[in-house]
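Remember, it's a predicted structure, so these values are computed and weren't measured experimentally.
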Amino acid sequence: MTLAAEADPSKWFEESQKVAIDFVYAEPVKSGTAPYQLDRTYETNALATSRTQAALAGARLANLITAALK
């Protein structure tokens with residue numbers, strides 16, 4: 001099953017938590033102290049992850065709307 005085909009919001013939340021742990025709370029945030037000095041690699045990964053998650057959310061919503069209109 002593709003990620004976009006998942007219709008269970010509880011699964012979405014679990015996936016989002018994993019993404020947050022793996023990408024948002026990655027280095028330098030993971031072991032640093034506030035205020036954090038974010039480097040270019042962190043920013044690039046955060047942007048790519050944000051775009052991927054937004055596209056996934058759009059696809060999932062489209063699937064839900066399509067199913068509701070059938």
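Distance alone, capped at 3.5 Å, is enough to place a donor-acceptor pair between the R60 side chain and the L3 backbone.
Counting heavy atoms from C-beta on, the side chains of V19 and V24 never come closer than 4.5 Å. Considering only heavy atoms from C-beta on, V29 comes within 4.5 Å of Y42 through its side chain.
Under the side chain to side chain donor-acceptor pair (under 3.5 Å) criterion, S10 pairs with D8, not counting sequence neighbours.
The OG1 atom of T52 sits 9.0 Å away from the CG atom of L47 when rounded to the nearest 0.5 Å. Interatomic distance, CD1 of I21 versus OG of S16, reported as 11.0 Å (0.5 Å rounding). For the atom pair OG1 of T49 and CZ of F23, the computed distance is 4.5 Å after rounding to the nearest 0.5 Å.
Here side-chain hydrogen bond (donor to acceptor under 3.5 Å, both in side chains) pairs that include residues 21-40, with residues two or more places apart or in two chains, are K18-D22, E27-S31, R40-E43.
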Quiz: residues 61-70 side-chain donor-acceptor pairs under 3.5 angstrom, not counting sequence neighbours:
unit_1	atom_1	unit_2	atom_2	d
N63	ND2	A4	O	2.8
N63	ND2	A59	O	3.4
T66	OG1	A62	O	2.8

